[in-house]
Visitor: 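Here's a structure for you.
Positions are given from 1, in the same order as the sequence printed here.
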Amino acid sequence: MPIENISAADEATLATAAEHLNRGGCVAMPTETVYGLAARIDRADAIAAVFQLKERPDFDPLIVHVSSLAAAKSLAREWPPLAEQLAKAFWPGPLTLVLPKAPHVDDRITSGLETVGLRWPRHPLAAALIDRTGGALAAPSANKFGRTSPTTAAHVADEFAAEIAAGAIVVLDGGACEIGLESTVCDINKNTILLLRPGGISQQQIRAVVGSTVTIEAAKTAAESAQSPGHLKHHYMPRKPLIVAWGRTLGEVTTAELLAAGVGDRSELVEISLPEDARMAARALYAELRRADAAPGKTALFLARPLAGADLWQAIDDRLRRAARFQLGEPPRADFESDER
Ligand code: TXA
Ligand code: MG
């Protein structure tokens, strides 16, 4: 992909980052969703380092990031028409396609699965970095396993201060992430799309592209979520316990409810409010959680989920449910509902 508008300063850090990757190092790379911790797919030592730096269990596969359709196709054993349709509609962008993997994709990247997750990110620095380092980079979100994903270079620096100081990780600063939530992960199977993780592309957007003859299912059962092994119930967690109140503000919650959630006094809480606009809320969510988590003298976080509409809120609510230690009330929609029922 031709890369435009890369400043001289970015050009210098890009060159350093590409060199580090080519030597088998790891680079924190900006994408439009969240920052990723990237390694070359042909460097087993670098792939191992990604798992080790993140303290990530080896059963949780990495997404491979590309900067062209041709590169994506070369990494998949099959490329069904549905994959072509979705890739053409949403790439570069926040959609990961899970497809049968080509034999040369390292089992360590896919955690031994027969499939590989593929995504072409939209951030120009990510595309440039991928172009300069062999055309494909494996990258999970650049956070310790189970924690909230970083949406700025400063978040990455907080998460990996020692590793950056030691030279194990080079950070490529591409500003604040445009979307702020991870990509939508879709398993493509003939005429069925299994949504393994809601994310930056909504179910409604996918439906609008594929039409009514394709079945879209949300992964719900344990067996299905085992297909997206990293998307665990307790994920995206701040360090301090988070109370999510669905559709109510702190003022509307009773003292008894707070007590049941382990909070004896309202002054222990940091309050987090999200904008009602879904795009703004998605962009703010992880930064707000990190800011609140760092607030001195407070022991717990309280987040009021405004009662707004669908679309991107499905992804936001998914993260809130997983990040919450306690929930007050019910989400406005019970779950990431399949639109087939
Ligand atoms: O937006 C994103 O997807 C970000 C940026 C950096 O691209 N990446 C990201 O990666 O969120 P990670 O590793 O934090 O989450 C990837 C998710 C995990 O839940 C993993 O289990 C799932 O994708 N996944 C990856 N490969 C898979 C595969 N072959 N089959 C099923 N699930 C897969
Ligand atoms: Mg992650």
Side-chain angles (χ1 to χ4, degrees), residues 1-4 29-34 36 63-102 115-128 130-131 135-137 139 141 177-219 227-228 231 277-283 309-316 318-319 336-340:
M1 186 174 103
I3 308 301
E4 297 148 32
M29 124 181 125
T31 83
E32 79 282 25
T33 58
V34 300
I63 293 171
V64 177
H65 296 70
V66 295
S67 54
S68 72
L69 261 181
K73 289 180 187 178
S74 76
L75 296 163
R77 183 162 48 75
E78 288 164 32
W79 189 263
L82 204 47
E84 180 80 5
Q85 198 179 14
L86 291 170
K88 286 235 160 90
F90 298 117
W91 281 0
L95 183 75
T96 296
L97 299 176
V98 172
L99 290 162
K101 78 173 190 76
T115 55
V116 60
L118 297 169
R119 173 165 119 75
W120 177 356
R122 190 160 68 206
H123 198 293
L125 288 185
I130 295 163
D131 276 351
L137 293 174
S141 53
C177 299
E178 174 200 339
I179 293 177
L181 279 185
E182 298 84 351
S183 62
T184 302
V185 180
C186 288
D187 187 293
I188 308 296
N189 219 318
K190 295 209 174 82
N191 228 22
T192 301
I193 297 172
L194 184 61
L195 288 166
L196 297 175
R197 178 178 73 182
I201 299 288
S202 71
Q203 190 171 354
Q204 291 85 346
Q205 284 174 284
I206 294 173
R207 170 61 74 209
V209 165
V210 300
S212 57
T213 57
V214 169
T215 305
I216 304 177
E217 285 173 6
Q227 287 181 28
S228 192
H231 199 51
D277 177 78
R279 300 229 157 253
M280 304 286 287
R283 204 172 295 165
D311 278 25
L312 205 49
W313 279 107
Q314 290 175 330
I316 299 169
D318 169 76
R319 306 305 189 268
F336 187 55
E337 216 89 62
S338 164
D339 62 4
E340 299 303 313

Visitor: What closest approach, in Å, do D131 and S67 show between heavy atoms, and which atom pair accounts for it?
Guide: OD1-OG, 2.6 Å
Visitor: Mark yes or no for whether Q85, through its side chain, and V209, through its backbone, hold a donor-acceptor pair below 3.5 Å.
Guide: yes
Visitor: Between A72 and L118, what is the shortest heavy-atom contact and its length?
Guide: O-CD1, 3.5 Å
Visitor: Any side-chain heavy atom of H123 sitting closer than 4.5 Å to one from E178?
Guide: no
Visitor: For the atom pair CG (D318) and CZ (R197), what is the distance rounded to the nearest 0.5 Å?
Guide: 9.0 Å
Visitor: List in chain and number order the residues that pass salt bridge (charged side-chain N to carboxylate O under 4.0 Å, His left out) with E78, two or more places apart in sequence or in another chain; answer none if no residue qualifies.
Guide: none
Visitor: Given side chains that start at C-beta, do those of Q204 and D311 come closer than 4.5 Å, heavy atoms only?
Guide: yes
Visitor: For A282 versus I316, what's the shortest heavy-atom pair and its separation?
Guide: N-CD1, 3.7 Å
Visitor: Are I201 and P94 packed together at the side-chain level, in the sense that at least one heavy-atom pair is separated by less than 4.5 angstrom?
Guide: yes
Visitor: Take I130 and W120 through the side chain to side chain contact (heavy atoms under 4.5 Å, CB included) test and state the conclusion after the steps.
Guide: CA-CA 10 Å; I130 295 163; W120 177 356; over 6 Å; no
Visitor: Please name all residues satisfying side-chain contact (heavy atoms from CB on, under 4.5 Å) with A71, sequence neighbours left out, ordered by chain then number.
Guide: V66, S68
Visitor: If you look at every heavy atom in S183 and L95, which pair is closest and at what distance?
Guide: CB-N, 3.9 Å
Visitor: Heavy-atom distance under 4.5 Å between the side chains of I193 and T215, does that happen here?
Guide: no
Visitor: Are the side chains of L69 and W79 in touch, meaning some heavy atoms are under 4.5 Å apart?
Guide: yes
Visitor: Would you name the heavy atoms of E32 and R122 that are closest together and state the gap between them?
Guide: OE1-N, 3.0 Å
Visitor: Verify, without hydrogens or angle tests, whether D277 (side chain) and M280 (backbone) share a donor-acceptor contact under 3.5 angstrom.
Guide: yes
Visitor: One pair to check against side chain to side chain contact (heavy atoms under 4.5 Å, CB included): V34 and L181. What are the steps and the verdict?
Guide: CA-CA 6 Å; V34 300; L181 279 185; 5.8 Å; no
Visitor: Please examine the side chains of T33 and R119, heavy atoms only from C-beta on, and report whether any two atoms are closer than 4.5 Å.
Guide: yes
Visitor: Please assess T184 against I206 for the test side chain to side chain contact (heavy atoms under 4.5 Å, CB included), listing each intermediate value before the final yes or no.
Guide: CA-CA 10 Å; T184 302; I206 294 173; 4.3 Å; yes
Visitor: Which value, rounded to the nearest 0.5 Å, describes the distance between R279 atom CZ and W313 atom CH2?
Guide: 12.5 Å
Visitor: Distance check, rounded to the nearest 0.5 Å: E217 atom CD versus L196 atom CG?
Guide: 11.0 Å
Visitor: State, to 0.1 Å, how close P121 and P92 come at their nearest heavy-atom pair, and which atoms those are.
Guide: O-CB, 3.4 Å
Visitor: Let me confirm one number: the CD-CZ distance from Q314 to R319, rounded to the nearest 0.5 Å.
Guide: 11.5 Å
Visitor: Decide side chain to side chain contact (heavy atoms under 4.5 Å, CB included) for R207 and I216; before the verdict, give the C-alpha distance in whole Å, the side-chain angles of both, and the deciding distance to 0.1 Å.
Guide: CA-CA 8 Å; R207 170 61 74 209; I216 304 177; 3.8 Å; yes
Visitor: Can you find a heavy atom in the side chain of Q203 that is under 4.5 Å from one in the side chain of L195?
Guide: yes
